[in-house]
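Chain A is the first sequence line, chain B the second, and so forth, proteins listed ahead of strands; every chain is numbered from 1.
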Protein chains: 2
Amino acid sequence: MMTPELIVKTLKELDLKVTPQRVVILKTIADNKNHPTAEEIHKAVIKNQPNIAVGTVYNILETFVNNGIVEKISSKGDKMRYDLVSETHHHLVSKNSNLIQDYYDDELTGLIGRYLNKNTIPGFKVSGFKLNISGEFNKSGKN
Amino acid sequence: MMTPELIVKTLKELDLKVTPQRVVILKTIADNKNHPTAEEIHKAVIKNQPNIAVGTVYNILETFVNNGIVEKISSKGDKMRYDLVSETHHHLVSKNSNLIQDYYDDELTGLIGRYLNKNTIPGFKVSGFKLNISGEFNKSGKN
DNA sequence: GTCACTGCAAACCCTTTGCAACTCA
DNA sequence: TGAGTTGCAAAGGGTTTGCAGTGAC
């Protein structure tokens, strides 16, 4: 849950003009843990900004991606999905559906991070990592 | 490097008809370590099968994906790329280009695998994983 | 001979782009 | 005010689809 104040602060720090469209879109991504598609974002945003154009949604998302606060992810060649950039976390990817769930595990992150620090990869400078864990969600309760 | 015999064997085991188009496409993916796009595959295949249609390339790739011998990957929302499913390996993803390189590291794979075996994830049954390591390739020699 | 597969081209749909109108700073 | 942003609609481009012809078994 991201407060409007924090969103405005984030945008200002990036020298991005604070428009209602940007605020609503960023809030939508921040509050939606399900990695929405551009279409889903547009549908959600239209409730607050009835005249917002799909193209605008894409433009704003692209701006966020370029400024490093949002990242594009994709599952199985479907449309792109958008994820708030935050602390290192991983993804649980369903083999049966298009569901992608965040998976936070500091111990696992630390384990991998320490390994990559000790064992350098020739010709490659590591700046980050993300583990995609594929499998199946149990029927009862996806959370 | 995959022998034609092995390719034929692979297709037969999956009850897929052995057509020249399928053989050539599978061989192209197997021999190309650079995760080709459908377009790149089409260009490569046309040398052997001058009349192959782009749609056919997509159809065959989709068949391979559905049969679990090829997987789709994507970098930064570009066109999809195709990767032979083989032993667990990881990806080095360039932040500056669209390059995705395979990264084999049994020690790292074992480390993560053992961790996921010990520490089960509530509500999720793990069947595999892949680590995406982002960073930059050095100018001199990408290999 | 049969049924799955291929070739072809049009359709699809997600995403990008150009431009006039608008608005945040 | 004016540089940057939005709305709109059309264009773009990768991928999918329908169907007639072909080929693997």
Side-chain angles (χ1 to χ4, degrees), chain A residues 4 7-26 28 35-67 69-82 98, chain B residues 4 7-26 28-29 35-43 45-67 69-82 98:
Chain A
I7 288 173
V8 171
K9 182 166 168 281
T10 303
L11 293 176
K12 284 190 174 169
E13 282 173 354
L14 295 168
D15 277 324
L16 295 175
K17 282 192 179 167
V18 180
T19 67
Q21 293 87 342
R22 284 177 173 168
V23 172
V24 177
I25 288 179
L26 187 52
T28 301
H35 310 296
T37 61
E39 185 188 355
E40 288 166 352
I41 293 169
H42 183 242
K43 277 184 185 168
V45 167
I46 245 180
K47 295 171 188 169
N48 291 294
Q49 298 289 323
N51 290 323
I52 194 170
V54 185
T56 302
V57 173
Y58 280 102
N59 284 338
I60 291 179
L61 288 171
E62 198 60 27
T63 301
F64 288 168
V65 170
N66 291 336
N67 280 277
I69 57 177
V70 163
E71 71 174 323
K72 280 184 182 175
I73 59 179
S74 77
S75 71
K76 299 189 200 135
D78 293 330
K79 26 195 147 172
M80 301 306 300
R81 292 172 176 277
Y82 296 85
N98 290 323
Chain B
I7 288 173
V8 171
K9 181 166 168 283
T10 303
L11 293 177
K12 284 190 175 170
E13 281 172 354
L14 294 169
D15 277 324
L16 295 175
K17 283 192 179 166
V18 180
T19 66
Q21 292 86 343
R22 284 178 173 168
V23 173
V24 176
I25 288 179
L26 187 51
T28 300
I29 299 174
H35 310 294
T37 61
E39 185 189 355
E40 287 166 352
I41 293 170
H42 183 242
K43 277 185 185 168
V45 167
I46 245 179
K47 295 171 188 167
N48 291 294
Q49 299 288 324
N51 290 323
I52 194 170
V54 184
T56 301
V57 172
Y58 278 102
N59 283 337
I60 291 179
L61 287 170
E62 198 60 26
T63 302
F64 288 168
V65 170
N66 290 336
N67 281 276
I69 56 176
V70 163
E71 71 174 323
K72 280 184 183 177
I73 58 178
S74 77
S75 70
K76 299 190 202 134
D78 293 329
K79 26 196 147 172
M80 301 306 299
R81 293 173 175 275
Y82 296 84
N98 290 324

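Proximity of A/Gln21 to the phosphate of D/dG7: a side-chain N or O atom is located under 4.0 Å from OP1 or OP2. Within the 4.0 Å cut-off from OP1 or OP2 of C/dT6, at least one side-chain nitrogen or oxygen of B/Thr19 is found. Residue A/Lys17 has no polar side-chain atom (N or O) positioned under 4.0 Å from OP1 or OP2 of C/dA25.
Rounding to whole angstrom units, CD1 of residue B/Ile73 and C1' of D/dG14 are separated by 17 Å. Protein atom CD of A/Gln49 is 13 Å distant from nucleotide atom C1' of D/dT5, rounded to whole Å. Rounded to whole Å, the distance from CD1 on B/Ile52 to C1' on D/dG21 is 16 Å. The distance between atom CZ of A/Phe64 and atom P of D/dT5, rounded to the nearest whole Å, is 11 Å. In this entry the distance linking CD of A/Glu40 with C1' of C/dC14 reads 13 Å, nearest Å. Rounding to whole angstrom units, CG of residue B/Leu14 and P of C/dA4 are separated by 17 Å. A/Arg81 places its CZ atom 12 Å from the P atom of C/dC14, with the value rounded to the nearest Å. As a whole-Å value, the separation of B/Tyr58 OH from D/dG14 P is 7 Å.
Rounding to the nearest 0.5 Å places CZ of A/Arg81 at 10.0 Å from CD1 of A/Ile41.
Listed nucleotides D/dT6, D/dT17, C/dC5 differ in distance to B/Asn59; the shortest reach to its side chain belongs to D/dT17. Counting only heavy atoms from C-beta on, A/Ala53 has its side chain closest to D/dG7 among C/dC14, D/dT16, D/dG7. Among the nucleotides D/dG7, C/dG7, C/dC14, the one closest to any side-chain atom of A/Lys79 is C/dC14.
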* Yes or no on side-chain contact (heavy atoms from CB on, under 4.5 Å) for A/Tyr82 and A/Lys72, after CA distance, side-chain angles and deciding distance? -> CA-CA 5 Å; A/Tyr82 296 85; A/Lys72 280 184 182 175; 3.5 Å; yes

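Each of A/Thr63 and B/Thr56 lies near DNA chain D, and the nucleotide nearest A/Thr63 is the one positioned closer to the 5' end. The residue among B/Glu39 and B/Pro20 whose nearest nucleotide of DNA chain D is located toward the 5' end is B/Glu39.
When each of A/Ile60, A/Asn66, A/Asn59 is tested with A/Glu62 by the rule side chain to side chain contact (heavy atoms under 4.5 Å, CB included), just one qualifies, namely A/Asn66.
Under a 3.5 Å cut-off, the side chain of A/Glu40 and the backbone N or O of A/Thr37 do form a donor-acceptor pair. When atom types are taken as modelled, the side chain of B/His42 and the backbone of B/Ile52 share a donor-acceptor pair closer than 3.5 angstrom.
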